[in-house]
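See structure below.
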Amino acid sequence: MSKLVYLVPLFPLIGFLINGLGRKALSKSMISIVGCGVMLASFVVSLLIFFDVKEHGATVVNLFSFIKAYSFQIPFAFQVDQLSSLFLLIITGIGFLIHLYSAAYMHEEEEQHFGRYFAYLNLFVFSMLLLVLGSNYVIMFIGWEGVGLCSYLLIGYWFKNDQYNYAAKKAFVMNRIGDLGFLLAVFWLLFKLGTVSYGEVFASVDKLSAFDITAITLLLFVGAMGKSAQLPLYTWLPDAMAGPTPVSALIHAATMVTAGIYMIARSNILYTLAPVSQTVVSIVGLATAIFAATIALKQNDIKKVLAYSTVSQLGYMFLGLGVGAYTGAVFHVMTHAFFKALLFLGAGSVIHAMHHEQDIRKMGGLKKHMPITHITFLLACLAIAGIPPFSGFFSKDEILMAAYNSNPLYYYVGLGGALMTAFYMFRLYTMTFLGSFRGTHEQEHHLHESPSAMTIPLIVLAVLSVVGGFVGIPEVFATDAHSLEHFLAPIFAESTKLAHAHHLTHTQEYIMMGVSTALIIGIILFAVSKFKKATSEETQSSGISKLLENKWYVDEIYDAIIVKPLHAFSGFLKNIIEKSGIDGAVNGVGKLVGYGSRQLRLLQSGQVGNYLLIMVMIMIVFVLIWFNDLSIMNFLKKIF
Amino acid sequence: MSITEILFFFLSALAIFSAIMVLVSRNPVHSVLWLIAVFFAISGHYILLNAQFLAIVNLIVYAGAIMVLFLFVIMLMNLNKESERNKHVWMKLAGAVSGGCFLMVLVSLVRQAKDFQEKTALMGTGDIGLIKNLGKALFSDFVVPFEISSVLFLSAMVGAVVIGKKE
Amino acid sequence: MPIQYYIYLSLALFSIGIIGVLTRRNAIIVFMCIELMLNAVNLLLVAFSKMHHGIALATDPATTAGIDGQLFVFFIMVVAAAEVSVGLAIIVMMYRNVHSVDINFLNRLKN
């Protein structure tokens, strides 16, 4: 069965080719059928592979030799194991739901652009699958770049809007910075070990010095920072909301941004052997989690809130990776994929109903108009806020417990972030669905529940968000109930061996869970009551809230310390170095020749007399030079 | 001072004076006449050097044919008036100075040249300048250049006709 | 006669020719100065020819050494005659076109 793994990425590739090449010929319904059909087929194969892996364990499927030069080889091979098969399920499953949703959401687009959209989406899924399936860092890098490209294409999908194009470019450039780190890490590995295949690298990890491992892992983490929007490279993700909402759900919430987590989880042995890198990862992750959560508190754009929430949740995942809770991080990737995709799709449903109004201050009271969206959105909010027994509770709890084991400070800060998460999510929920409608009458008149193609994915994801957590029930509730941990155990076996675990007592865990749950519920109630009577009036904010509304002025700071000086430097190079330096030198040579020629040309008077005069003078000089004899000089001196 | 020396200095003085007069005459016809005087002086030198054939040929070809051609052209163009505009005085000065320098440099070169010390030209005697000897050499050793020079003449004639012809 | 005398005389005539070429603008006068220079060279050639002949005669009474110098003069006259015929034709041509024999009018190539 595992031999058929190549089918998983092949289907989206076929879909991409059909939709991309035939986008002008195919009708919209054909395009949606092709786009969704390949995803469904891919999902079915993934499911089969998942159960196969569960039964028979991991294999490496070698397809063909990608790069071959003497003893150096990079095979095009797929790693079929617990981790990748789980990611396959997330990608193809959620991918399929989002494709289905897109078919309805994007229905207003022209046929040609509709085909383009599905082609990009299929290409994205193909690249993402390549990233996850590749059995070495080079194949992963191919997928890594592919998803970056698709992200760029889809953010700038409405390419007639300049702002969106800038957002796309920003995402691309930020990702490039990270990609450079990744690439350097791959080169470093190749240089030191001569191979980039996971199996061989992890087997020969003891050949690397501690410095090498630390450097490689830090460089890999730079790549992850770019792709997974961590400080300081996160600013592209909120701007990436320029793309269509299903794209935000699929790429910028569920799959692509978790590529960094996948990569680190995949390289877990390296990270376990590099404590410095682990500390860096956890601190960056935690800082991002808190930082993004504070920004999300004051955002008014429904998608921006979700975007900052995504950044924040990704920070939690990195915190989990940093403290060695690899299973927890992967678990959180999974649950986050469910509820965040659901939130984005729900937001998309709202935006669809509101005719592309995204400001939550102009919403409110949508509860009665959109019951399914409302219910599913509420479930997702509960899940992300971490209310038991919703999925987010289990995964976040696992990460925070692991953080406490590593350093209690991590736990307290992380808990603060979780409280903020609950606050801003319920602020969002309350302002959108509760209270009274604050938009125009025309908008109110058109409010409607979305078509079933959009609500079915919502319902499926809502169910997953609610029950998804039960694959990872912590040990305190039931012994050996954490089926995900058992499933993934072979992947993290080496790291588990190396990590010296000290577990909390069950009483401690109960107390911590109870306290955090109580605090979260309190925050939720506070948020609901505070924002229920919200008005659409613009309030002049000041102090810290103004700071938060403006996202800590990070964009402005980047603009001031990186973009502006770079522009100034470029301007300097262009106007001073280029114009007067290089051009000056080049033109100067030309001008010198021109000037010299003009002066020399005066000799060419065209007057025979002048020529003759010059000729005679030169003859005299030649005679003097050739017969350079003192006696001539003496004779001349005697005469004059 | 022998008669030969007296003749030499006289002819030299005549040649140089006439040459200068060629330069300074305003009227081209006078220049031509002074140039003929130079040629006569040079022919005199040839006779002193016992190069009788060249002396006669010089008179016939140069003083006769060529200078007549010059005169003919000058009169054809009616240039006997003072039609020449003055050159810029600085140009004249520069020409004279560079010519003088040229003379001076070469004279000084000759003065210190060891090759020319104590050498004399054979005056009055020696029969290589006689027509008989020259003719022998010309039609034996130099017969090919001689024939080629006839071709040169022919082409010069054709060239002169072509250039001078009115279209 | 010392050969140097002849050299000085030839140089003097040659330099006068040069000065004439440099200072006069009348093409015909310039031409005549060129003839003057040619004649200076001719004179020098004959003088050298006699010098060599005199040296050779001291060892071999029947020698014809130096005769080629005089033949050179002969050929120079041939060439000069040809040159004068073509040159004067050019001057006539020029006069017909620009109604002047000023050499400074011969600068058409410049433009």
Side-chain angles (χ1 to χ4, degrees), chain B residues 4-5 8 12 15-16 19-20 22-23 28 31-32 35 38-39 42 45-46 49 51 54 57 61-62 65-66 69-70 73-74 77 79 84-85 87 92 95-96 98-99 102-103 106-107 110 116 119-123 126 128-129 133-134 137-138 142 145 149 152-153 156-157 159-160 163-164, chain C residues 1-9 11-13 15-20 22-26 28-29 31-33 35-36 39 42-43 46-47 49-51 53-55 57 64 66-68 70-71 73-75 77-86 88-93 95 101-102:
Chain B
T4 314
E5 284 179 346
F8 174 83
S12 299
I16 291 171
I20 291 169
V22 169
L23 265 186
S31 290
V32 172
L35 191 61
V38 175
F39 290 156
I42 287 174
H45 277 297
Y46 290 163
L49 288 163
L54 287 180
V57 167
V61 173
Y62 265 114
I66 293 178
L69 199 58
F70 269 98
V73 169
I74 289 168
M77 293 176 189
L79 287 177
E84 185 182 350
R85 279 173 297 162
K87 251 187 175 173
K92 276 191 165 179
S98 43
F102 186 76
L103 177 63
L106 286 179
V107 165
V110 169
F116 299 141
K119 297 263 173 69
T120 55
L122 202 57
M123 306 296 288
I128 53 165
N133 292 328
L134 277 175
L138 193 59
F142 290 87
S149 65
L152 175 71
F153 264 128
M157 192 172 76
I163 292 170
Chain C
M1 257 306 131
I3 192 71
Q4 282 157 324
Y5 287 14
Y6 278 104
I7 297 174
Y8 294 148
L9 174 61
L11 281 176
L13 290 175
S15 297
I16 291 167
I18 283 184
I19 293 170
L22 292 180
T23 52
R24 298 301 294 260
R25 289 167 62 170
N26 189 324
I28 292 174
I29 305 283
F31 220 155
M32 288 195 296
C33 288
E35 295 302 320
L36 185 59
N39 266 282
N42 282 353
L43 177 59
V46 172
S49 136
K50 292 299 283 187
M51 181 186 92
H53 189 66
I55 293 166
L57 215 54
T64 57
I67 199 164
D68 38 3
Q70 302 210 6
L71 282 171
V73 173
F74 176 74
F75 281 115
M77 285 179 183
V78 167
V79 172
E83 174 223 330
V84 165
S85 65
V86 176
L88 282 175
I90 291 172
I91 289 173
V92 170
M93 191 70 192
Y95 185 76
V101 287
D102 194 329

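Protein chains get the first letters and strands the later ones, always in sequence-line order, with residue 1 at the start of each. Keep in mind the model is a prediction, meaning the values are calculated, not measured.
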task = Identify which part of Ile16(B) has an atom lying under 4.5 Å from any heavy atom of chain C, answering side chain, backbone, both or neither.
result = both
message = Taking every non-hydrogen pair under 4.5 Å, which of Ala15(B), Ser31(B), Ala65(B) racks up the most with chain C?
response = Ser31(B)
note = When the 4.5 angstrom heavy-atom criterion is applied to Tyr8(C) and chain B, the contacting part is side chain
ask   = For the candidates Phe153(B), Phe102(B), Phe70(B), which exhibits the highest count of non-hydrogen atom pairs separated by less than 4.5 Å from chain C?
value = Phe70(B)
ask   = Any idea which of Ile55(C), Val79(C), Leu13(C) has the most non-hydrogen atom pairs under 4.5 angstrom with chain B?
value = Leu13(C)
request  = Identify which of Thr4(B), Ile20(B), Leu138(B), Val38(B) forms the greatest number of heavy-atom pairs closer than 4.5 Å to chain C.
outcome  = Leu138(B)
Minimum heavy-atom distance between Met1(C) and Met123(B), given as atom pair plus value = N-CG, 3.5 Å
key: Nearest heavy-atom neighbours spanning Ser98(B) and Leu22(C)   = OG-CD1, 3.5 Å
query = Hey, which of Leu54(B), Val61(B), Leu35(B) has the most heavy atom pairs under 4.5 Å with chain C?
reply = Leu54(B)
key: From CG (Leu88(C)) to CE (Met77(B)), nearest 0.5 Å   = 7.5 Å
message = As a quick check of understanding, evaluate side-chain contact (heavy atoms from CB on, under 4.5 Å) for Ile42(B) and Asn42(C), giving each step before the final call.
response = CA-CA 9 Å; Ile42(B) 287 174; Asn42(C) 282 353; 5.9 Å; no
inquiry  = So for Leu11(C), is it side chain, backbone, both, or neither that comes closer than 4.5 Å to the heavy atoms of chain B?
reply    = both
task = Answer with side chain, backbone, both or neither: which region of Leu43(C) has an atom nearer than 4.5 Å to a non-hydrogen atom of chain B?
result = both
task = Would you indicate whether the side-chain heavy atoms of Ile28(C) and Pro28(B) approach each other to under 4.5 Å?
result = no
query = Which bit of Ile16(C) comes within less than 4.5 Å of chain B, counting heavy atoms only: side chain, backbone, both or neither?
reply = both
message = Can you tell me which portion of Val110(B) sits under 4.5 Å from chain C's heavy atoms? Options are side chain, backbone, both or neither.
response = both
ask   = Say you draw a straight line from CG of Leu49(B) to NE2 of His53(C); how long is it, rounded to the nearest 0.5 Å?
value = 12.0 Å
request  = Mind checking the CG-CG spacing from Leu134(B) to Leu71(C)? Nearest 0.5 Å is all I need.
outcome  = 5.5 Å
key: Reported CG-to-CD1 distance for the pair Leu57(C) and Ile128(B), which is rounded to 0.5 angstrom   = 9.0 Å
task = Would you check if Phe142(B) and Phe75(C) make a side-chain contact, meaning some heavy-atom pair closer than 4.5 Å?
result = yes
query = With only heavy atoms counted, which part of Ile91(C) is less than 4.5 Å from chain B, the side chain, the backbone, both or neither?
reply = both
remark   = Scanning both residues in full, the closest heavy-atom pair of Ile67(C) with Ala137(B) reads CD1-CB, 4.0 Å
query = With a 4.5 Å limit on heavy-atom distance, are the side chains of Gln70(C) and Asn133(B) in contact?
reply = no
message = Heavy-atom pairs under 4.5 Å with chain B - which of Val78(C), Val86(C), Val84(C), Asp68(C) has more of them than the others?
response = Val78(C)
Separation between OH of Tyr5(C) and OG of Ser12(B), rounded to the nearest 0.5 Å = 10.5 Å
remark   = Heavy-atom closest pair (Leu69(B) atom, Ser85(C) atom, distance to 0.1 Å) is CD2-CA, 4.3 Å
remark   = Heavy atoms of Ile3(C) and Ala121(B) approach each other most closely as CD1-CB, 4.1 Å
ask   = By a 4.5 Å heavy-atom criterion (distance strictly below it), what part of Ile7(C) contacts chain B: side chain, backbone, both, or neither?
value = side chain
note = Here the gap from Leu103(B) atom CG to Ile18(C) atom CD1, rounded to the nearest 0.5 Å, amounts to 9.0 Å
query = In terms of heavy-atom pairs under 4.5 Å, which option from Met32(C), Gln4(C), Met51(C) contacts chain B the most?
reply = Met32(C)
Contacting moiety of Phe8(B), where chain C heavy atoms sit under 4.5 Å = side chain
request  = Looking only at non-hydrogen atoms, find the nearest pair between Ala82(C) and Ala156(B) and report the distance.
outcome  = CB-CB, 3.6 Å
query = Are any non-hydrogen side-chain atoms of Asn39(C) and Tyr62(B) less than 4.5 angstrom apart?
reply = yes
request  = State, yes or no, whether a side-chain contact exists between Val73(C) and Tyr46(B) at a heavy-atom distance under 4.5 Å.
outcome  = yes
